[in-house]
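Within every chain, numbering begins at 1; the chains are lettered A, B, ... in the order of the sequence lines, protein sequences first and strands thereafter.
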2 protein chains.
Amino acid sequence: MTIGELSKRTGCIIETIRYYERIGVMPAPPRTAGGHRIYDRDHLKRLNFVRRARALGFTLDQVRGLLALADERETSCAEVERLARAQLDQVRARIDDLGRMEGVLDEMVARCAGGSVPECPILEALFDGGDEGVG
Amino acid sequence: MTIGELSKRTGCIIETIRYYERIGVMPAPPRTAGGHRIYDRDHLKRLNFVRRARALGFTLDQVRGLLALADERETSCAEVERLARAQLDQVRARIDDLGRMEGVLDEMVARCAGGSVPECPILEALFDGGDEGVG
DNA sequence: ATAAACCCTGTACCAACTACGGGTTCAAGG
DNA sequence: CCTTGAACCCGTAGTTGGTACAGGGTTTAT
């Protein structure tokens with residue numbers, strides 16, 4: 001199939017597909033006599049893998065690692081699980097982090113919504129450090 | 001104070017301070033005869049403001065907007081509140097998104113931890129699309 | 001044969017920094 | 001006064017994960 005078809009089937013735009021090839025996440029496919037890329041079912045599977053892993057927050061570097069493990073087979077499952085757990089930990093840490101941001105922002109707008117304040121409490125919180133323990 | 005001192009007092013590295021000046025988030029300070037930057041208390045306050053806003057997830061563009069409103073005074077509070085609310089919404093959306101990622105990852109590693117599976121269930125989920133509805 | 005649709009490469013751009021190289025200035029000690 | 005070493009200067013390039021052109025060449029359908 002052409003790159004346009006692969007794009008349509010995966011929801012991944014053409015430029016990104018070529019980008020993945022450039023950085024070694026997708027293999028260089030064969031070409032037509034005129035130089036157009038030709039993809040097969042394996043390419044489709046691999047690109048879908050990349051998309052799903054990215055959607056779960058894996059970096060492209062981690063995706064490369066997962067793909068290498070998938071190519072190896074044998075003894076890879078434990079390592080894959082380790083990577084997935086690490087990713088899960090990171091996602092959870094990020095959620096905690098955002099939860100703290102949410103709390104501070106929520107408090108800020110709540111103080112503001114009370115109305116009848118001479119100075120803006122949000123700007124004051126930012127200028128004078130209402131809460132240093134964020135970030 | 002020197003840029004090094006400002007850096008120490010804010011926890012913001014020197015390159016970033018210069019970067020903020022370049023993009024107009026921090027004002028260009030006066031210089032010594034030799035060209036070294038000299039900062040005062042107002043610079044310190046402003047940089048702390050920027051750092052706190054960034055820690056809450058505001059983009060630099062939003063920070064510029066907040067600073068412009070802070071400089072204006074008068075009639076700015078409602079607008080500041082609007083920006084803070086928008087940011088709060090974004091943070092919550094991101095938390096929801098990550099929560100979905102967490103769910104999928106959690107299920108993946110849970111299936112793996114059960115053991116006694118011939119093929120790696122994590123790789124299979126990624127290759128064959130255990131859950132399309134993510135991202 | 002020709003036009004439309006598609007594809008090619010290369011480069012530049014986005015956020016929000018970070019890092020580096022090569023040169024200058026400042027403050028302190030001798 | 002001179003030297004030394006830390007601190008500072010500027011400009012540029014790299015990072016991550018793409019996106020968006022420009023200016024061409026190829027394929028496909030009529």
Query raised in the report: Between A:Thr32 and D:dT27, is there a side-chain N or O to OP1/OP2 distance below 4.0 Å?
Result: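 Answer yes for this pair, as a side-chain N or O of A:Thr32 is under 4.0 Å from OP1 or OP2.
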Query raised in the report: Within the structure, does a side-chain N or O atom of B:Thr2 lie under 4.0 Å from either OP1 or OP2 of D:dC8?
Result: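 It does, given that an N or O in the side chain of B:Thr2 lies less than 4.0 Å from OP1 or OP2 of D:dC8.
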d([atom1], [X]; [atom2], [N]) in whole Å:
{"X": "A:Leu6", "N": "C:dC6", "atom1": "CG", "atom2": "P", "value": "15 Å"}
{"X": "A:Met26", "N": "D:dG17", "atom1": "CE", "atom2": "P", "value": "17 Å"}
{"X": "B:Glu15", "N": "C:dA16", "atom1": "CD", "atom2": "P", "value": "18 Å"}
{"X": "A:Phe58", "N": "D:dG18", "atom1": "CZ", "atom2": "P", "value": "15 Å"}
{"X": "A:Leu56", "N": "D:dG17", "atom1": "CG", "atom2": "P", "value": "14 Å"}
{"X": "A:His36", "N": "C:dA5", "atom1": "NE2", "atom2": "P", "value": "16 Å"}
{"X": "A:Arg37", "N": "C:dC8", "atom1": "CZ", "atom2": "P", "value": "4 Å"}
{"X": "B:Ile13", "N": "C:dA16", "atom1": "CD1", "atom2": "P", "value": "16 Å"}

Would you call [X] and [Y] a salt bridge, using N to O less than 4.0 angstrom?
{"X": "B:Arg82", "Y": "B:Glu79", "answer": "yes"}
{"X": "B:Arg100", "Y": "B:Asp97", "answer": "yes"}
{"X": "B:Arg18", "Y": "B:Glu21", "answer": "no"}

Query raised in the report: A:Arg54 near the nucleic acid: base, sugar-phosphate alone, or nothing, with a heavy-atom cut-off under 4.0 Å?
Result: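 Sugar-phosphate contact only - A:Arg54 comes under 4.0 Å of backbone atoms but never of a base.
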Report task. Provide the closest heavy-atom pair for A:Ala84 versus B:Leu105 in the form atom of the first, atom of the second, distance. Result ->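 Residues A:Ala84 and B:Leu105, closest heavy atoms: O-CD2, 4.2 Å.
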Query - Minimum heavy-atom distance A:Met101-B:Ala55, with the two atoms named - result: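 In this case the closest contact between A:Met101 and B:Ala55 is CE-O, 3.3 Å.
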Query raised in the report: For A:Asp61 and B:Arg18, take the nucleotide of DNA chain D holding the closest heavy atom to each; which residue's nucleotide lies nearer the 5' end?
Result: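 Between the two, 5'-proximity favours B:Arg18.
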Query raised in the report: Closest nucleotide of DNA chain D for A:Thr16 versus for A:Ala33: which of these residues is on the 5' side?
Result: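 The 5'-side residue here is A:Thr16.
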Which nucleotide in the set [options] lies at the smallest distance from any side-chain heavy atom of [X]?
{"X": "A:Arg31", "options": "D:dT19, C:dC8, D:dC10", "answer": "C:dC8"}
{"X": "B:Leu60", "options": "C:dC8, D:dC9, C:dA16", "answer": "C:dA16"}
{"X": "A:Tyr19", "options": "C:dC20, C:dC7, D:dT19", "answer": "D:dT19"}
{"X": "A:Ile14", "options": "C:dC7, D:dG18, C:dC26", "answer": "C:dC7"}

Requested in this report: For B:Thr59 and for B:Gly35, locate the closest nucleotide of DNA chain C by heavy-atom distance; then report the residue assigned to the nucleotide nearer the 5' terminus.
Outcome: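 Nearest-nucleotide comparison on DNA chain C picks B:Thr59.
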Query - Closest-nucleotide ordering on DNA chain C, the 5'-leading residue of A:Glu5 and B:Arg64 - result: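 It is A:Glu5 whose nearest nucleotide is closer to the 5' end.
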